[in-house]
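These numbers come from a predicted model, not from an experiment. Each chain gets a letter, A, B and so on, in the order its sequence line appears, and its residues count up from 1.
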Amino acid sequence: MKSLLIILLIFLPVNAFGQLFKVVKVKGSVQGQVGTSEKWIEIKEGNTLDANTMLSTNDNSSVQLVANDLKFNLRESSAISTSAIKQMSVDELLLALALDDMMQAPKKNNDSDAKNTAVYGTNLNGNNGVFIKSNDFGIKRLNGAVQLAQVGLRESAVATAREIYRKYPEVKGITAYRLFFGQILVDLGLYQEAFEEYKSIQSLKLSTKEKEQVEETLEMLSKKIISEEK
Amino acid sequence: MKSKLLIIVLISAAALLIGGCDKPAPTELIDDQSVQELVEVEVLSKEIEDEYYSNGFDTTGITQDIRNFTGLISLTGTRLTIKNFDIETSTAFGIFLDRTKPIRNSENEIIGFQSFIPGQLQINNHIARIAPFIIRFRDQGINRDTTLGNHYILFRGKGFGDPFVFNYNSSIEVQFNPQPGNQKQFTIQTPTQVIGNINLSKKENKLNAVLQWNAANSREFEIILGAKKKGKRNVFPLFRIRTRDDGLLRIPPNLLNSISTQNFDAIVFSLIRRVSKNEPEGIQNLTVISQSIHTIIFDLY
Amino acid sequence: MRFKLLLILLVSFYLSKNGIAQNSFGFSGLMNSTNNISSLYGNYEASQINFSQLKDWGFSFIYGPEFSSSVNLNIYSIAVEKRFSNHILSLRYTPGYQKEFNFNTASAIILSDSTRQSLSSKFSYKELFGLGYYFRFSDELQAGFNLRYFSQEFSREIISPVIADTIYLVRENQSEKLGLWKGELGFNYSFSQYFSAGISSINLFSFSEDPFDQELEKFKLKTEKGVMLTFNFSPSRTFGLSGIIESNKSFQIGVNGRITFSNSSVGIGCSVFHDKTQSPFIAGVIPSVNFSTSFLSVSLSGIKYFSDRKDYFSYGDFENNGITNVINNPYSFDKALLTIAFALNTIQEKKVEFADVKIIEDIYPALTENYLNKPFAVATVVNVSDERVNVKPFSRINGLSEELIYSPIISINPGDTATISYFTVIPENYAITKSEISTADFYILTSNEEFDDQIQKPVLVNGVNSWDGDVINLKYFIKKSFDFSISYSKRILSNNKTLFDTLENRLSDFYKTKLIYNSFAEAMVYVSDPRASSEYVQYPEETLKLKGGDCDDLSVCLSSLLESVGVATALVDYQLGELRHVNLLVNTKLSPSEAGLITSNENKYLIRKNNLGNDEIWIPLEATSLKRFEDSWQAGAEKFNKDALENYGLSRGSVQIIDVY
């Protein structure tokens with residue numbers, strides 16, 4: 001089922017190149033890094049950013065961007081690449097997830113998640129948000145990804161999260177984010193992918209409540225998958 | 001396993017080859033339908049210089065060796081064909097021999113016996129004449145004539161001689177008055193006259209003769225093959241060929257070709273059909289024969 | 001047209017002729033014509049077509065007693081056959097094929113003492129030898145031709161006078177010997193595996209000498225022309241029915257049964273025959289038993305005639321009718337026969353054969369180990385034997401190597417077809433740069449002796465620089481001339497010994513890469529693409545010597561230089577429409593948390609797991625940029641980010657990462 005889908009997706013047209021973003025509001029200190037440049041520059045109101053700019057906010061800082069009819073506000077202690085601020089289809093998301101598989105040369109089972117897991121305090125922002133205030137760039141990136149989901153760019157949020165977990169493996173142990181993005185996979189109806197993600201989460205250090213939640217979700221997903229296969 | 005078997009086969013094959021090689025048995029054939037030419041050949045004149053009979057083979061064709069008989073009455077109708085001329089004669093001949101009185105040559109071989117006249121012989125009421133019986137024999141390289149005694153004779157040529165005429169396919173009455181003794185009288189059947197024809201051909205210097213005649217399936221039929229000595233009148237009977245009276249005979253070419261032109265200037269074929277009777281009316285030691293002879297003479301060139 | 005007319009005339013002539021005897025008579029009855037068991041070689045009587053299953057040599061002989069008033073043992077025939085592919089030649093010697101008649105004629109010589117010396121005649125008929133030739137047009141159609149030589153001797157005694165001083169008669173034996181040649185032609189066709197039928201001539205032609213003595217003409221063996229039709233119906237391996245009918249209405253019908261064991265069989269059969277020249281209507285019976293293996297056949301048979309074969313026969317009948325057949329005529333006696341036939345194979349039997357061989361890969365000598373795992377040719381092989389065989393395939397590519405290269409053994413069931421893969425090995429020292437069409441010889445072998453089949457196919461052997469366009473195979477170019485790369489790279493590193501003395505160990509791979517890259521880029525004086533073709537790849541040594549090359553050449557060279565000092569590399573193959581590009585990924589062996597040691601931009605590297613499952617930082621390098629290391633890195637990263645990641649090239653398959661080791 002999945003492999004068939006991927007074969008079909010290969011023939012989808014390559015997404016048009018990204019758009020330009022206009023910085024409409026800056027609060028506090030916001031840095032940006034363009035393309036593959038080694039330099040971080042200060043972002044100011046009125047700047048025009050190309051689609052490959054990494055934005056990073058400090059404590060109590062934020063930046064507001066506008067591109068065409070899209071408006072995006074990056075909150076404090078967050079980082080995001082402008083290329084991620086886009087509407088993605090589920091198909092594109094699947095391609096992005098497949099990319100993740102491609103980069104992992106050996107077996108996927110050898111998850112080293114739990115090893116050097118620092119425990120972070122979580123600040124649950126209602127049911128639809130996770131936020132940890134930190135200077136760790138990986139966590140900042142996760143915060144950025146959460147915000148993508150909060151503005152409805154759920155597919156892009158998941159894809160970005162995957163990329164973050166690849167580049168910053170140490171943040172994989174923060175269960176709150178994992179559960180947040182896992183739930184998005186469930187909501188998107190990507191049960192197989194969600195199942196694998198929850199299986200991976202199950203091997204992390206979990207609270208009792210989280211454990212129950214994970215087990216319930218896994219049970220639900222396995223039922224869904226079985227009924228789908230039928 | 002395979003090679004072992006093969007060796008066994010080869011050895012047994014060789015053994016069979018060596019051990020068992022008979023020839024298939026032949027099938028014996030018998031002439032139950034008389035389809036084969038019957039040819040019995042007998043040599044008559046062992047020595048070609050031997051002029052045994054004085055009365056001449058050419059005219060009578062009588063070739064019986066009288067040494068085999070004690071008493072013989074021979075009645076013969078002869079047809080002689082020489083170069084498209086036919087001469088017919090009739091002969092009656094009778095002789096009685098005293099087997100106790102042999103006549104020998106200088107080498108003490110028996111050449112005959114003394115003959116005697118036991119009484120009167122009548123053939124078809126004609127009284128047979130009595131005449132000396134002379135034989136010629138060869139003695140120490142010289143031909144000598146001698147008489148054995150007397151014998152009975154009647155002879156008629158074409159329109160002359162004795163009144164006796166040989167009637168073919170009929171019968172002849174014989175009357176014998178022995179002295180002393182009672183008169184004996186009997187008849188003898190005569191055969192159908194034999195008339196032959198000879199096809200003489202020469203192929204690769206070899207003579208081939210096919211004889212044809214009016215077949216009568218008589219019981220006794222023979223062909224005498226004779227030859228006439230160069231410059232002489234007499235004919236030598238060489239071979240007697242006994243065959244069936246079926247009208248056809250191919251003379252065995254070997255016999256024919258053995259007659260050399262060096263010694264002979266004519267070949268003589270005598271076809272003889274004969275009826276014989278032994279001891280008629282109880283007359284002991286008497287044989288009576290009646291015969292038709294057709295003698296054909298061919299010149300050899 | 002004229003030929004056709006002649007043929008029709010001939011056939012109708014045969015059919016209109018009548019009154020010939022049973023010509024088809026064979027000693028073994030009709031046993032041999034079923035189930036492909038050759039119980040006899042050189043059986044010219046029952047059929048002109050004896051295209052047997054014989055593989056090479058065949059021998060047979062017939063031996064046995066004949067029952068007349070006595071019992072005579074005879075060797076009837078000895079035959080040898082030899083097969084040459086679709087041809088079989090046979091030679092037969094028949095010492096026991098003879099019949100003799102003795103006839104005591106009524107003629108005789110009468111001796112002076114009145115005793116008779118009768119004259120006798122002898123008629124002897126012998127078949128001496130025969131030559132046969134059979135040809136197989138197809139599995140269905142076979143033809144046969146045979147020529148037989150007979151000798152007839154007629155001798156008779158004749159009277160021969162000897163005339164010297166005295167005349168006497170002797171019996172002289174006169175005999176004539178007449179040779180006779182007979183030739184026959186026949187065809188056999190198998191309509192199915194159960195039914196076959198044939199047509200053969202009877203006395204198609206005969207050449208006989210004429211006797212000198214015309215009278216003997218009638219005794220000659222009768223050779224009137226005719227045809228015979230044969231059929232063989234075997235609905236199963238255990239039962240067969242066969243028959244022969246001749247144009248004169250003589251016929252022969254046989255039934256037989258056979259039980260087959262693992263490698264032998266036992267058969268029993270019986271045939272009866274009607275012969276125009278013999279009585280009663282069914283003239284005789286031929287029962288037989290046979291034991292056969294694949295190479296040996298032993299038969300016991302007999303001939304029993306129903307009419308009385310007396311001691312004496314009529315000469316008149318013989319003279320009128322003569323005989324038409326030497327071994328079967330009204331005068332033949334009952335016989336018992338032992339027939340032994342065996343086959344001898346000096347040639348290897350072909351068990352498997354090629355149906356086809358397809359070259360699926362041109363040979364690229366550069367791709368040394370490629371053909372150890374990937375077949376360059378695939379053959380379709382059929383097991384034509386009746387047993388399961390192990391097939392050893394081997395091949396030789398001429399011009400590449402003198403050696404025969406063995407491929408894995410496969411097992412094929414009888415009658416099955418299998419696909420065999422041919423692998424090969426490229427000799428290490430192969431250095432021919434020119435591509436050429438060569439030939440490859442393919443063999444299959446089932447024993448340790450000779451191969452069963454062989455086939456030759458053209459194959460393209462490329463030059464040593466040729467590349468099949470598959471980026472995976474660039475590995476082979478990288479690995480070649482490795483010694484050269486080691487010395488080249490080590491020289492660079494030793495020039496910068498002081499740097500490594502002060503460097504943190506974990507950064508050594510990154511700096512090795514940087515140093516080697518910079519030195520490499522310097523050495524390249526110009527960027528050229530001399531051949532602009534993806535089919536030609538330079539070896540690292542050549543690239544450094546030529547001081548340039550295309551992206552394949554430069555990537556291969558750089559990879560080789562890095563690998564030679566232990567820096568792991570991977571090739572990245574970009575296939576974007578018509579455009580193709582190759583560049584490199586280099587493993588820094590740094591962990592993701594150490595990324596900050598080499599860059600502050602997460603877009604300049606990627607994370608890959610090693611085979612222990614640990615994450616490592618890899619950096620993309622563009623070998624063709626030939627500027628400073630940082631520029632090459634940046635160019636590589638941008639290309640990778642854009643094509644592999646943003647456009648999902650990796651997911652879509654248009655971008656591939658190929659690890660060199």
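- In this structure, the separation between CD1 on C:Ile607 and OH on A:Tyr165 is 15.5 Å, given to the nearest 0.5 Å.
- Within the model, atoms OG of A:Ser83 and CG of C:Asn641 stand 9.0 Å from one another, a figure rounded to the nearest 0.5 Å.
- Proximity to chain A is limited to the backbone of C:Ile598, based on heavy atoms less than 4.5 angstrom apart.
- Of the atoms belonging to C:Ala644, it is backbone heavy atoms, and not side-chain ones, that fall under 4.5 Å from chain A.
- Neither the backbone nor the side chain of C:Ile617 comes within contact range of chain A, judged by heavy atoms closer than 4.5 Å.
- The distance from the CG atom of A:Leu97 to the OH atom of C:Tyr648 is 9.5 Å, given to the nearest 0.5 Å.
- Enclosure of atom CG in C:Asn505 is not indicated, since only 12 or fewer non-hydrogen atoms of other residues, nucleotides or ligands lie within 6.0 angstrom.
- The line from CZ of A:Arg166 to CZ of C:Arg608 is 11.5 Å long, rounded to the nearest 0.5 Å.
- Between the side chains of C:Glu638 and A:Asn52, no donor-acceptor pair of N or O atoms lies under 3.5 Å.
- The structure places NZ of A:Lys167 at 12.0 Å from CG of C:Asp615, a figure rounded to the nearest 0.5 Å.
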Would you please test A:Glu38 and C:Glu630 for side-chain contact (heavy atoms from CB on, under 4.5 Å) and show each step? CA-CA 11 Å; A:Glu38 290 287 340; C:Glu630 281 72 19; over 6 Å; no
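- From C:Ser600, atom OG reaches atom CD of A:Gln33 across 4.5 Å, with rounding to the nearest 0.5 Å.
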